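A quick note: this is a predicted structure, and the numbers were derived from the prediction, not measured.
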Amino acid sequence: MQTPQKILVVISGKRKQHEALLRALKFAELNEVHIHLLNVIYEPILDLTDVLSSDHRKEMKKEYLADRYLYLNTIAEDLEKKNIRCTTHVEWCREVHEGIEDAVSKIQPDLVIKRITADSMSINPFAMPIDRHLLRYCKAPLLLVKHASWTNSPILAAVDVLAKDDKHVALNQDILEAARLFAQLGESEIHTVSAYLVHNMSAAIDFPTINFEKLSANSAQFHSDKLDSMEKAHEIPMAKKHVVAGMPEKVIPNVVKQIDAGLVILGTVARKGISAAFLGNTAESILAELNCEVLALNLDEGEPE
């Protein structure tokens, strides 16, 4: 992942402080950026067809849009005074995630930054449907933030060292490059994690000639060596490495808690068709256990056969 130059910032309503925008401004310190401010609005009152005439609804919608553009343009003017290019976009859409996806298709940003839609009653900030949907389907790198400023909390990059096909190898590269970039922005320490499967020791009863303990040790060493090689290739040899036995959906959240990571960088898989509704993936299982910020890099696998 290269330093983003075109950043889509989701502005949630009228707030005194927009965490997503403050994060976008950090990239402006490294490179020239073009910030696109996006607000998604919809007023259900306009659905009252028995009460409002067609002309009245059109006029009200026009007023709502004008009010929101006025608000965004005020923010844009402040940014332009700092010599930061900025444009404003308002999407009229009932579903927020659909409005964001429409904007992504039109603008094609290098990065989307959005404040986590946290539910105060939920322990997991990714329980809300808006963010879960975006994590699965957003076609641009998606950064979900909680705080207004960067901290020096550790960054955890989750990679699959067994990846062989070009798409997954490239995804690993993007994850490690993003880790290096975000570590520079937040003056953070990089950690990497790779999970490997533990061989069933009870199988030794059926296969007494196989040393399963040695087999597991060899697997751990293989993952460790591959991780070393990947870190060296991306010039992050000082990363703290975590090679842990177990399933990724358990290992990664445990490492996050262990190091108190402020940001997790991982790849997600976009599926289409009926499988998208019923088929979960490892990333979603991991997110269900996290309570930190997330940078999701999407791999579009299309419709499975």
Side-chain angles (χ1 to χ4, degrees), residues 1 123-127 131-132 134-138 141-144 153-180 182 189-201 212 215-231 233-234 236 239-271 275-276 278-301 304:
M1 178 181 178
I123 297 176
N124 175 245
F126 305 104
D131 293 346
R132 289 184 67 84
L134 289 172
L135 284 162
R136 178 178 274 269
Y137 295 113
C138 186
L142 173 66
L143 174 62
L144 294 175
S153 301
I155 291 174
L156 181 65
V159 296
D160 177 11
V161 302
L162 299 180
K164 294 181 179 180
D165 64 278
D166 292 343
K167 281 188 176 182
H168 284 82
V169 169
L171 182 60
N172 277 336
Q173 294 173 347
D174 285 346
I175 289 171
L176 291 173
E177 288 173 3
R180 188 173 63 174
F182 279 70
E189 183 178 62
I190 299 177
H191 291 245
T192 57
V193 60
S194 179
Y196 68 94
L197 295 179
V198 180
H199 297 284
N200 188 356
M201 304 305 289
F212 284 92
L215 196 60
S216 292
N218 289 342
S219 180
Q221 188 61 52
F222 173 81
H223 280 69
S224 180
D225 291 343
K226 287 286 289 184
L227 202 51
D228 283 339
S229 177
M230 293 167 67
E231 291 174 0
H234 291 83
I236 49 175
K240 292 192 175 181
K241 181 176 59 178
H242 303 267
V243 177
V244 185
M247 300 298 291
E249 52 264 41
K250 296 297 182 183
V251 168
I252 294 173
N254 286 341
V255 174
V256 168
K257 295 174 184 177
Q258 175 187 333
I259 67 174
D260 193 22
L263 172 69
V264 173
I265 304 174
L266 75 169
T268 61
V269 178
R271 295 187 174 92
S275 63
F278 300 105
L279 186 60
N281 59 30
T282 300
E284 290 189 352
S285 299
I286 293 169
L287 290 166
E289 301 294 330
L290 296 183
N291 190 19
C292 63
E293 298 186 345
V294 167
L295 172 63
L297 305 181
N298 188 283
L299 173 66
D300 189 351
E301 286 195 338

* To do: Please identify each residue that fulfils side chain to side chain donor-acceptor pair (under 3.5 Å) with Ser224, with sequence neighbours left out.
  => Lys241
* The single option from Leu266, Ile265, Leu290, Ile252 passing side chain to side chain contact (heavy atoms under 4.5 Å, CB included) against Leu156 -> Ile252
* Do the rings of His191 and His242 sit parallel, tilted or perpendicular, given the 30° and 60° boundaries? -> parallel
* Identify the heavy atoms of Gly267 and Ile175 that sit nearest to each other, and give their distance. => N-CD1, 3.7 Å
* Kindly say whether Arg136 contributes a backbone atom to a donor-acceptor pair with the side chain of Asn298 at under 3.5 angstrom? => yes
* Within a strict 4.5 Å, meaning less than it, do heavy atoms of the Tyr196 and Leu162 side chains meet? -> no
* Asked: Going by heavy atoms in the side chains, are Ile286 and Pro253 under 4.5 Å from each other?
  -> yes
* Flag the pair Val243 / Phe222 as yes when at least one side-chain heavy-atom distance between them is below 4.5 Å, and no otherwise. => no
* Determine, step by step, whether Ile190 and Glu231 satisfy the side-chain contact (heavy atoms from CB on, under 4.5 Å) criterion, reporting the C-alpha distance in whole Å, the side-chain angles of both residues, the deciding distance to 0.1 Å, and the verdict. => CA-CA 10 Å; Ile190 299 177; Glu231 291 174 0; over 6 Å; no
* **All pairs passing side chain to side chain donor-acceptor pair (under 3.5 Å) where residues 154-166 contributes a residue, at least two apart** => Asp165-His168
* To do: Flag the pair Leu176 / Met230 as yes when at least one side-chain heavy-atom distance between them is below 4.5 Å, and no otherwise.
  => yes
* **Closest approach of Val256 to Cys292 (non-hydrogen atoms, all atoms of both residues)** => CG1-SG, 4.0 Å
* **Flag, side chain of Arg180 to backbone of Ile236, donor-acceptor distance under 3.5 Å** => no
* Please assess Leu142 against Asp131 for the test side-chain contact (heavy atoms from CB on, under 4.5 Å), listing each intermediate value before the final yes or no. => CA-CA 10 Å; Leu142 173 66; Asp131 293 346; over 6 Å; no
* To do: For residues Gly246 and Ala195, report the shortest heavy-atom separation together with the two atoms involved.
  => O-CB, 3.4 Å
* **side chain to side chain donor-acceptor pair (under 3.5 Å) against Asp225, all qualifying residues, sequence neighbours excluded** => Gln221
* Asked: With distance as the sole test, does Thr268 use its side chain to make a donor-acceptor pair with the main-chain N or O of Leu135 at under 3.5 Å?
  -> yes
